[in-house]
Each structure stands twice: as C-alpha cells, then as structure tokens.
Amino acid sequence: LARKFRIQPRQIPETLERLRHELTTLEVDEISIDVLTRERDAAWHRFLDQATILSEQRTQASARLSATVTASMAELGMRGGHFEISVLRGEESAASVQGLDRVEFLVSTNPGQPSQALAKIASGGELSRISLCIQVATAECAAIPTLVFDEVDVGIGGAVAEIVGRLLRSLGEKRQVLCVTHLPQVAAQAHHHLRVRKENRDGQTYTHIARLDPEARVEEIARMLGGTTITEKTMAHAREMIERAAA
C-alpha cells in the first residue's frame with residue numbers, strides 16, 4: 001500500500017482518512033448538482049407560467065389602453081390618428097426579466113396612414129401629446145413622481161390648448177408636473193406659474209426664473225394673450241381664465 005500511494009508505511013492510516021473524506025465530498029457534490037438541476041428546472045417552469053399570465057394580461061390591457069389613448073388623441077388635435085400597442089410573443093429562449101413579450105408603441109397621426117413605430121414618425125409636439133395621453137390614462141397605476149413636458153402645445157391652440165391644460169392640471173393633482181408653454185390657455189390651468197426670461201449683463205447671458213404672485217400671474221397671462229400692449233379687457237380676460245381653471 002505504501003508503494004502504491006508513494007508514502008511511508010506510517011502514513012497509511014492518515015492517507016486512508018484523507019481518501020475517505022475526498023470520496024464523501026465527491027458523492028455529496030454529485031447529489032448537490034442533481035438537486036440544483038431539479039431546482040433550476042422547477043424555477044424555469046414557474047417563470048414560464050408567470051410569463052404566460054403576464055402576456056395574457058398585457059394583451060388585454062394593451063387593447064384598453066390603445067382605445068383610451070386613441071380617444072384622447074382626437075381631443076388633443078390629432079383627430080383621425082390611431083394609437084396601437086403591439087405585444088409580440090417571443091421564443092422561450094429569448095425570455096428576459098420583462099417576460100416573453102416584445103412591446104412596441106405604434107401610431108398613425110393622420111387618417112389613412114399605416115401605423116408605424118411611435119419614435120420614428122411622431123414629431124416632438126405629437127410625442128409630447130401622446131405621452132400626455134398615456135400618462136393621464138395610467139395616472140392611477142404609474143409611480144413616476146415628476147413629469148416634464150416641453151412645449152406639449154406645439155401646433156395647437158384655442159379649445160384644444162385648454163384641454164391640454166386641463167389634462168396637465170389633473171395630472172398635477174397626483175404628482176409634480178412641470179410644463180414649458182407659450183400658450184395662455186395652458187399656463188392659466190397651472191397651480192403655480194414660473195416666468196423664465198433671459199438677461200444680458202456685462203456681455204453675458206443669464207437665465208432668470210421667478211415665481212409669480214397672483215397679481216403678477218394675471219399680468220403675465222394677459223401679456224401672453226395680448227402681446228406688448230395690455231388693456232383692461234385683456235387683464236379681465238386673463239383673470240377670468242385663471243379663475244375658471246381653479247373652479
């Protein structure tokens with residue numbers, strides 16, 4: 001035995017214990033691999049079951065959300081446009097933490113045009129308005145604390161602008177909403193009004209932001225309505241718009 005294991009005869013008992021320990025470790029490792037393999041397969045099947053349920057729920061919710069956003073688009077000056085959520089089931093091998101689906105937003109902004117990817121065909125103003133529609137439709141379940149809309153009113157005016165303002169105000173009831181606008185119909189709907197202007201001092205350009213008190217706000221809305229010349233009628237109209245929005 002000593003010659004076989006290339007040891008001294010007195011080391012045989014110690015070598016026996018070491019080999020027994022190695023054998024036990026190897027047998028345990030084989031059992032562990034089998035257990036882990038079974039656990040992995042069970043977890044994968046549980047994942048597929050949950051992913052399938054998620055896919056079904058997504059398909060149902062996408063139809064409802066598509067219809068809601070399409071209806072809102074008509075109110076926001078995009079009459080005849082169509083919004084659609086495409087939920088495509090992928091291969092199981094391509095599954096991710098988002099499940100088995102590939103979700104894409106499709107839109108047609110004009111009647112008769114085929115639906116295409118939202119990010120490819122919508123203008124900046126259209127993107128903002130569609131985003132506003134989605135945020136309003138999902139206001140109860142979304143968790144984003146602050147929303148920023150940059151000139152969401154591009155290309156609209158009149159009654160449509162007032163509707164945009166009301167939608168923004170309703171969103172502001174549940175979270176912080178910041179909106180850059182040049183339209184008095186939108187600005188009048190805000191809970192607070194910040195005026196942003198540029199100044200030139202000593203050859204440098206500075207941006208000045210001021211929060212307007214109630215009277216200054218009326219003056220600013222009147223300026224947005226009437227331009228450089230502000231009349232008593234313009235002031236009265238501005239005051240009426242603010243009071244109507246708060247009613």
Side-chain angles (χ1 to χ4, degrees), residues 35-150 152-154 156 160 163-179 189 191:
V35 171
L36 291 173
T37 299
R38 289 195 297 270
E39 290 178 351
R40 180 203 63 190
D41 293 343
W44 175 248
H45 289 301
R46 289 197 301 272
F47 166 79
L48 291 180
D49 290 341
Q50 293 301 314
T52 300
I53 295 173
L54 177 60
S55 295
E56 294 171 353
Q57 293 176 343
R58 274 179 173 154
T59 300
Q60 296 172 5
S62 65
R64 296 194 302 270
L65 183 57
S66 297
T68 301
V69 173
T70 297
S72 297
M73 287 170 61
E75 295 180 3
L76 298 183
M78 303 172 70
R79 192 172 301 278
H82 179 74
F83 181 82
E84 178 184 349
I85 302 175
S86 172
V87 181
L88 300 177
R89 181 77 172 266
E91 297 293 332
E92 293 183 358
S93 59
S96 69
V97 292
Q98 283 80 31
L100 299 170
D101 308 313
R102 184 168 63 86
V103 180
E104 187 175 19
F105 288 176
L106 306 175
V107 66
S108 170
T109 56
N110 296 296
Q113 291 184 345
S115 297
Q116 299 182 52
L118 174 63
K120 293 182 179 179
I121 67 167
S123 65
E126 289 170 340
L127 278 173
S128 294
R129 274 178 275 170
I130 293 172
S131 174
L132 175 59
C133 295
I134 295 172
Q135 294 297 339
V136 171
T138 59
E140 296 299 328
C141 56
I144 301 174
T146 302
L147 299 172
V148 181
F149 294 96
D150 185 9
V152 68
D153 48 31
V154 171
I156 62 174
V160 174
I163 293 172
V164 169
R166 288 205 301 265
L167 288 175
L168 289 168
R169 187 179 180 89
S170 68
L171 277 180
E173 300 290 345
K174 298 178 176 63
R175 67 202 67 193
Q176 185 182 51
V177 175
L178 303 177
C179 178
Q189 296 287 336
H191 295 91

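Bear in mind that the values here come from a model prediction, so they are computed numbers and not experimental data.
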Please list, one pair per line, the donor and acceptor atoms closer than 3.5 Å that link side chains of residues 71-95 to other protein atoms, with sequence neighbours excluded.
residue, atom, partner, partner atom, Å
S72, OG, T68, O, 3.1
R89, NH2, T52, OG1, 3.4

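- Each of V35, L36, D41 was evaluated against R38; a single residue qualifies, V35, per the side chain to side chain contact (heavy atoms under 4.5 Å, CB included) test.
- Interatomic distance, K174 NZ to I144 CD1, rounded to the nearest 0.5 Å: 15.0 Å.
- Between I130 and F105 there is no side-chain heavy-atom pair separated by less than 4.5 Å.
- Annotation: side chain of R175 is in contact with side chain of L147 (closest heavy-atom distance under 4.5 Å).
- The CZ atom of F149 lies 6.0 Å from the CG atom of L171; values are rounded to the nearest 0.5 Å.
- To the nearest 0.5 angstrom, L118 atom CG is 9.0 Å from S131 atom OG.
- Within the 4.5 Å cutoff, the side chain of L100 has heavy atoms near those of the L48 side chain.
- Expressed to the nearest 0.5 Å, how far CG of L132 lies from CG of L127 amounts to 12.5 Å.
- R46 places none of its side-chain heavy atoms less than 4.5 Å from the side chain of Q50.
- Remark: R64 CZ to T59 OG1 distance equals 11.0 Å, nearest 0.5 Å.
- You'll find the side chain of R166 reaches within 4.5 Å of the side chain of I163, heavy atoms only.
- Residue pairs meeting the side chain to side chain donor-acceptor pair (under 3.5 Å) criterion with at least one member in residues 97-108, sequence neighbours excluded: S55-D101, R58-D101, S96-Q98.
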